[in-house]
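Worksheet for the structure shown next.
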2 protein chains.
Amino acid sequence: MTSIKDVAKAAGVSTATVSRVLANNAPIKAETRERVLEAISQLNYRPNLIARSLRAQKSAKIGLVVSDIRNPFFTAIGRAVEDAAYEQGYSVLMCNTDENPEKEELYLNLMHDENVAGVIFSPTQQFSASFNAYNAKMPFVVIDRVVNSKEIDMVLLDNVSAAYELTTHLLENGYRKLAGLFGDASTTGQERSRGFHKALKDYQLNPVAAHFISPRIKQGYDTTIALLENSNRPDAIFTSNSLLTAGAFQALRDKKISVPSEVALVGFDETTWGELVDPPITVMSQPTEEIGRTATELLFQRIQEPSRSTKTVILKGTLIVKGSSGKK
Amino acid sequence: MTSIKDVAKAAGVSTATVSRVLANNAPIKAETRERVLEAISQLNYRPNLIARSLRAQKSAKIGLVVSDIRNPFFTAIGRAVEDAAYEQGYSVLMCNTDENPEKEELYLNLMHDENVAGVIFSPTQQFSASFNAYNAKMPFVVIDRVVNSKEIDMVLLDNVSAAYELTTHLLENGYRKLAGLFGDASTTGQERSRGFHKALKDYQLNPVAAHFISPRIKQGYDTTIALLENSNRPDAIFTSNSLLTAGAFQALRDKKISVPSEVALVGFDETTWGELVDPPITVMSQPTEEIGRTATELLFQRIQEPSRSTKTVILKGTLIVKGSSGKK
DNA sequence: GGCGAGAGTGTAAACGATTACATTGTTTGT
DNA sequence: ACAAACAATGTAATCGTTTACACTCTCGCC
């Protein structure tokens, strides 16, 4: 492996000079710089990031710890974060916790050990407790989910309003017997349920049902089947994330329920499949690109100025109306 | 930051002893070990991985460089790799190249600079040329796509057979006017096209069409629209990856073509949406879990024994018959 | 002509671990 | 009883950088 010593020798200077040429942060005679750069390209030298990171006690990496890499929402976020980080010369380490607090702890420790400059993170609900310990160790930005602390930067969707708007859309289109399926793994589900109930109250209605369940296709399916077999069957189903939407849709199909004439269906997040099925699904779309980019920018701000006062950015979703919620 | 020195001081031993307790690779008096472990947990000490990596000239990280993190096939692979690596105490750095040779080079360099133990990698077609340079620098395992070299471990699908089987399925069900859409970004598309043509030849048929296009939904859509408007319209469409399948499906719907009675559709890879649409899509499913796991195992073998002769593992796909290819 | 400022460079000490080598006891075999 | 082997530990070099400090010139200025 060619090191800075080899370059120094080849250029006839000290390693300090080579380092200074690389960092470009000190006066160097033009001719010396030439020689060093020449040696560098001659030897095909690449600085060792490990050594640099050890010495500088920091690195140009940020961590992205999400709850499920297979969830399209998070891969979209990942892409946005990566692009934004890349522009600043940072690389991204991506990990997923699978909504598992143990893995969460493991990966946050790993991030710390890897000396990352900061972490973008979507915490499980259990996390709030152990949070402060980590927050002290490195810059953090939390996305998608609320952490019960004022001491932290967050990028969130205005979930209550988004759910309110989505629910109101159903009500305006004439649906009256609404059922809600909400994920129980995150704070997101709770907030969306609040918006759901608020909209119903404005219409002086009660929900037919509201269930907090594990955010998996299977749970969405099972719960929907039960709803449909119930004597008081809903005429519209509200789901708080795309996996539940998928499960509900599958159940409606298996039960041969016509959508939306018998039962309408709405959910969150744009997905590939949402507009391919029949009818396409009405969704509240989250601005994934903006969420990822904003989180990255906040993180960089905090890295540069650790004592800056914390900020919470709340973004709006966009209602995308399709066939699954057509006028009754 | 608490370092090994603090632990040594607290336990009244030298740093060497602490290190030996940690590595567990030398005889230590039980009582001393106790004291050291006590000090470690007292101080909440965690070894600095950066320093360890610098000294040892290696690390417990592997890189996973894929062409699109948003492609469900690759996220599934990612998950499998992560699980397998975790079992060995390794962590995974995931990056995506977006089929872009520049990004590919960037990330491979990054992996090298990060001192990863090895890389699992799905190369673009342009990559073969510059390949040997990288192969020399660190252990490699190539997945999904062929690299023109005997000097490398690979985990591949038996693409020709898989495509042959999928095509034969269409032919057995009575379809005769087949069109094929193949991705042009990887070797995979080419191999699948070979299987497609081979099956047709066995039936003494010619394809109605065979297009190599960019593996994006939009291209799949546009090309399918053109096929459907052509005077010699196919009665079945074969797609070589799930993005093209999605595009083709969308086109069939927009053109209000009944599937499969007017035109059948088959593709590769199981996806969430493939079984939610109407009709569900017949696919050749790839064993993603097995691909990821095998690649990881091969990588570890090579890390342990760099001079071992290279191996190519070829896995079989599974035909999953659904409604989109029903008997004519 | 002497002095301060700054340009330009080198020397060597970090960063936090691992490990070759040295050292000191304690067994063990003959 | 003595050499050899080994257990148990410490000392210090090392990995590849960055950077504080020191040094030497060369100016410009009084």
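Scope of the values below: all heavy atoms of this structure, side chains included, with no hydrogens, waters or symmetry mates. Residue numbers start from 1 in every chain, and the chains themselves are labelled A, B, ... in the order their sequence lines are given, proteins ahead of strands.
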* Structure fact -> A:Glu34 CD to C:dT9 P, in whole Å, measures 13 Å
* Rounded to whole angstrom units, what separation is found between the CG atom of B:Leu43 and the P atom of C:dG16? -> 14 Å
* Asked: What's the CG-C1' distance between A:Asp6 and D:dC15, to the nearest Å?
  -> 13 Å
* To do: Please state how far atom CD1 in A:Ile4 lies from atom P in C:dT11, giving the value in whole angstrom units.
  => 14 Å
* Of all of residues 49-63 of chain A, which get a heavy atom below 4.0 angstrom from DNA chain D, listed by number? -> A:Ala51, A:Arg52, A:Arg55
* **More than 12 heavy atoms of other groups within 6.0 Å of A:Glu151 CD** => no
* Asked: With sugar-phosphate meaning primed atoms plus P, OP1 and OP2, does A:Arg46 contact a base, only sugar-phosphate, or nothing at under 4.0 Å between heavy atoms?
  -> sugar-phosphate
* **Donor-acceptor pair, side chain of B:Asn44 and main chain of B:Ser41, under 3.5 angstrom** => no
* Asked: What is the distance, rounded to the nearest whole Å, between atom NZ of A:Lys9 and atom P of D:dT17?
  -> 14 Å
* To do: Starting from P on C:dG8, measure out to CZ on A:Arg35 and report it in whole angstrom.
  => 14 Å
* So which one's nearest nucleotide on DNA chain C is more toward 5', A:Pro27 or A:Thr15? -> A:Pro27
* Cut-off 3.5 Å, side chains only: do B:Arg216 and B:Asn241 have a donor facing an acceptor? -> no
* To do: Determine: side-chain N/O of A:Ser3 to OP1/OP2 of D:dG16, distance under 4.0 Å, yes or no.
  => no
* Kindly say whether, by distance alone, the side chain of B:Arg20 makes a donor-acceptor pair under 3.5 Å with the base of D:dG10? => yes
* Asked: Rounded to whole angstrom units, what separation is found between the CG atom of A:Asn25 and the P atom of C:dG8?
  -> 14 Å
* Structure fact -> DNA chain C nearest-nucleotide lookup for B:Asn48 and A:Glu31: closer to the 5′ end is A:Glu31
* Would you kindly compare A:Lys5 and A:Ala16 by the position of their nearest DNA chain D nucleotide and give the one closer to the 5′ end? => A:Lys5
* To do: Under 4.0 Å between any heavy atoms, over every strand shown, what does A:Thr17 touch: base, sugar-phosphate, or nothing? Just pick one.
  => sugar-phosphate
* Could you tell me whether a side-chain N or O of B:Ser91 sits under 3.5 Å from a main-chain N or O of B:Lys61, the two making a donor and an acceptor? => no
* Side chain of B:Ser14 (C-beta onward), nearest among C:dT9, D:dG10, C:dG10 -> D:dG10
* Asked: Under 4.0 angstrom, heavy atoms only, what part of the nucleic acid is A:Val13 near: base, sugar-phosphate, or nothing?
  -> sugar-phosphate
* **Residues in salt bridge (charged side-chain N to carboxylate O under 4.0 Å, His left out) contact with B:Asp153, at least two apart in sequence or another chain** => B:Arg302, B:Arg308
* Whole angstrom value for the distance that separates P of C:dT18 from CD1 of B:Ile28 -> 12 Å
* Side-chain donor-acceptor pair present, A:Glu99, A:Thr124, cut-off under 3.5 Å -> no
* Would the number of heavy atoms belonging to other residues, nucleotides or ligands and lying under 6.0 Å from NZ of A:Lys137 be above 12? -> yes
